[in-house]
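Only one structure is covered here, and it is reproduced in the block below.
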Protein chains: 2
Amino acid sequence: MNNLVINIKVHESLYLKDPQTTDLGKRIIEHSVLMIDKIGLECFTFGKLSKVINAAEPSIYRYFENKHQLFVYLLNWYWEWMAARIELNTMNITSAAARLKIVLNVIADAAKKNSSIEFVDEEALHRIVVTEGAKGYHHKMVDADNKEGFFLACKRLCEKIADLLIEVNPNFPYPRSLASSLLETANSNLYFAKHLPRLTDVKNEGNMLTQRVKDLLEYFCFGILYAYDFGKDEQLNHQLIATKKVSYANAHSSDNAMEHTL
Amino acid sequence: MNNLVINIKVHESLYLKDPQTTDLGKRIIEHSVLMIDKIGLECFTFGKLSKVINAAEPSIYRYFENKHQLFVYLLNWYWEWMAARIELNTMNITSAAARLKIVLNVIADAAKKNSSIEFVDEEALHRIVVTEGAKGYHHKMVDADNKEGFFLACKRLCEKIADLLIEVNPNFPYPRSLASSLLETANSNLYFAKHLPRLTDVKNEGNMLTQRVKDLLEYFCFGILYAYDFGKDEQLNHQLIATKKVSYANAHSSDNAMEHTL
DNA sequence: TAAAAAATAATAGTTTTACTATCTTTTGTA
DNA sequence: TACAAAAGATAGTAAAACTATTATTTTTTA
């Protein structure tokens with residue numbers, strides 16, 4: 001199941017020459033992913049890459065203007081890949097809520113046995129997105145990059161998820177913010193569990209990390225999706241809160257979700 | 001109100017020589033903030049800074065090992081400042097929910113008339129945190145930095161908020177994740193509204209941006225806080241969802257929160 | 001098939017940044 | 001006032017980012 005070959009098309013503003021069309025181009029992509037995963041975006045340079053792939057440094061500049069463009073190319077690859085996985089895994093599901101759960105599963109990266117392209121190590125690429133993804137759009141040149149279409153894949157992905165949120169609850173007022181927040185929260189909690197555990201409740205024990213992140217995403221997502229409007233109908237709110245408190249206490253009285261120790 | 005002088009103490013692992021103790025040190029902090037805000041972290045260099053403050057470049061290295069250490073120093077300043085503002089604004093409030101609303105207000109940066117330190121432009125520093133804050137901990141050296149105590153202020157801030165979330169709902173299973181998520185969501189939506197508007201529902205129109213972000217934070221925060229446990233008591237869930245849908249439709253039928261057009 | 005044209009890659013630089021070794025000046029104190 | 005210690009300035013080096021130019025290969029066409 002799901003071993004179809006996915007064809008990833010990256011926007012042409014993100015390269016000078018399409019790396020997928022040549023052998024050298026593919027080696028650039030392949031070893032960029034491996035090297036950035038290994039030594040980090042800061043230490044990664046075109047000079048080091050050229051030595052690893054046995055090419056001249058200026059040859060790399062024929063494909064990408066600079067390190068930043070190459071990095072955003074890789075991010076776009078990841079976003080396109082995620083969108084393709086979502087499409088693939090939800091196409092035959094009718095219930096919107098069920099599709100949303102699958103999307104959360106894909107976001108948390110729990111269902112990724114899908115090595116579609118032979119020269120891209122998707123696990124390494126995912127680690128890069130989790131660790132350094134934010135650098136792709138958190139800088140002073142973001143407006144210029146945006147005009148060039150650097151973030152189209154991300155925006156499409158976000159809107160795809162937002163559409164689904166609206167389908168689950170047509171009255172929900174923050175579909176885009178929740179969609180982007182879910183993408184960020186998944187990555188943050190994976191990262192925090194590994195490096196800054198005091199910033200998350202998800203534990204990096206055993207091999208349950210992605211499952212736990214998925215649980216958290218579901219808890220947050222459906223909690224927000226069905227949230228009522230605070231302050232507008234206080235009486236109903238208090239009524240609801242009281243009901244839910246009882247419901248929650250019953251559900252969690254002997255649950256491991258109570259493990260938190262502050 | 002709130003014009004008390006706040007004393008910001010930054011952890012000593014974050015400098016070689018305390019910049020607050022000398023005139024040059026204060027000029028380094030002051031103009032780092034102004035320059036990073038203006039040209040961005042990437043373009044900001046010790047060489048350029050030394051020219052602006054009329055000092056020799058190596059003098060700056062007496063205070064900070066490198067640009068990264070200086071940057072994390074500034075982040076810590078911000079986290080300490082935010083913790084101080086939270087303390088100041090919530091000290092006399094008994095209701096936990098009311099205190100939480102104030103905290104969300106502080107996170108969204110809507111209540112910051114508090115120029116405590118004369119040589120730090122807090123508005124510029126806040127823009128830096130929103131635009132580039134994630135770079136402080138998203139890199140390969142994060143574990144080494146963490147051991148040195150670079151993120152203590154952030155972790156304390158996060159736990160302070162987590163404690164409050166637990167106070168509002170003692171059964172809530174994800175206090176730390178929600179706390180960190182609120183901090184990130186506030187910054188993300190401010191940033192997206194200005195640079196990538198398709199990733200948020202918050203509009204950057206007029207001077208209501210921080211207010212709108214605060215509304216979003218409240219909606220998300222209280223929605224999650226009182227979320228019930230999906231899948232454990234399906235009957236009650238469906239009952240609640242139905243009630244809330246009606247509640248929400250009534251509240252928002254003629255509200256601008258319905259503006260979303262996908 | 002062979003020469004010209006076009007595309008691609010390699011060589012050898014320049015500029016800027018990050019950082020350091022060393023020297024000079026200032027300041028506090030006995 | 002003399003001296004030590006701290007602070008600051010001078011003048012570098014090494015590496016990264018990028019580019020102009022030359023060399024090679026491939027493609028096209030006579």
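Just so it is clear, the values below take in all heavy atoms, side chains as well, and ignore hydrogens, waters and symmetry mates. Below, chain A is the first sequence line, B the second, and so on; all start at residue 1.
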B:Leu16 has an atom CG; how far is it from atom P of D:dA7, in whole Å?
12 Å

Ring-ring centroid check B:Tyr191 A:His138, cutoff 6.0 Å:
yes

Given atom CG of A:Asp23 and atom P of D:dT25, what is their separation to the nearest angstrom?
16 Å

In whole Å, I'd like the distance from the CG atom of B:Leu24 to the P atom of D:dA7.
11 Å

Spacing of A:Glu42 atom CD relative to C:dC19 atom C1', expressed in whole Å:
17 Å

Side chains of A:Ser32 and A:Tyr73: do they bring a donor and an acceptor to under 3.5 Å?
no

Let me see the working for A:Phe220 and B:Tyr174 under side-chain contact (heavy atoms from CB on, under 4.5 Å), right down to the final yes or no.
CA-CA 9 Å; A:Phe220 279 24; B:Tyr174 297 112; 3.8 Å; yes

Expected output is a numbered-order residue list: members of residues 48-74 of chain A with a heavy atom under 4.0 Å from any atom of DNA chain D. What is it?
A:Lys48, A:Glu57, A:Pro58, A:Tyr61, A:Asn66, A:Lys67

For A:His195 together with B:Tyr137, are the ring centres under 6.0 Å from each other?
no

Under 3.5 Å, is there a donor-acceptor pair linking the side chains of B:Asn146 and B:Lys155?
yes

Testing the 3.5 Å rule here: is there a donor-acceptor pair between the side chains of B:Asp109 and B:Thr210?
no

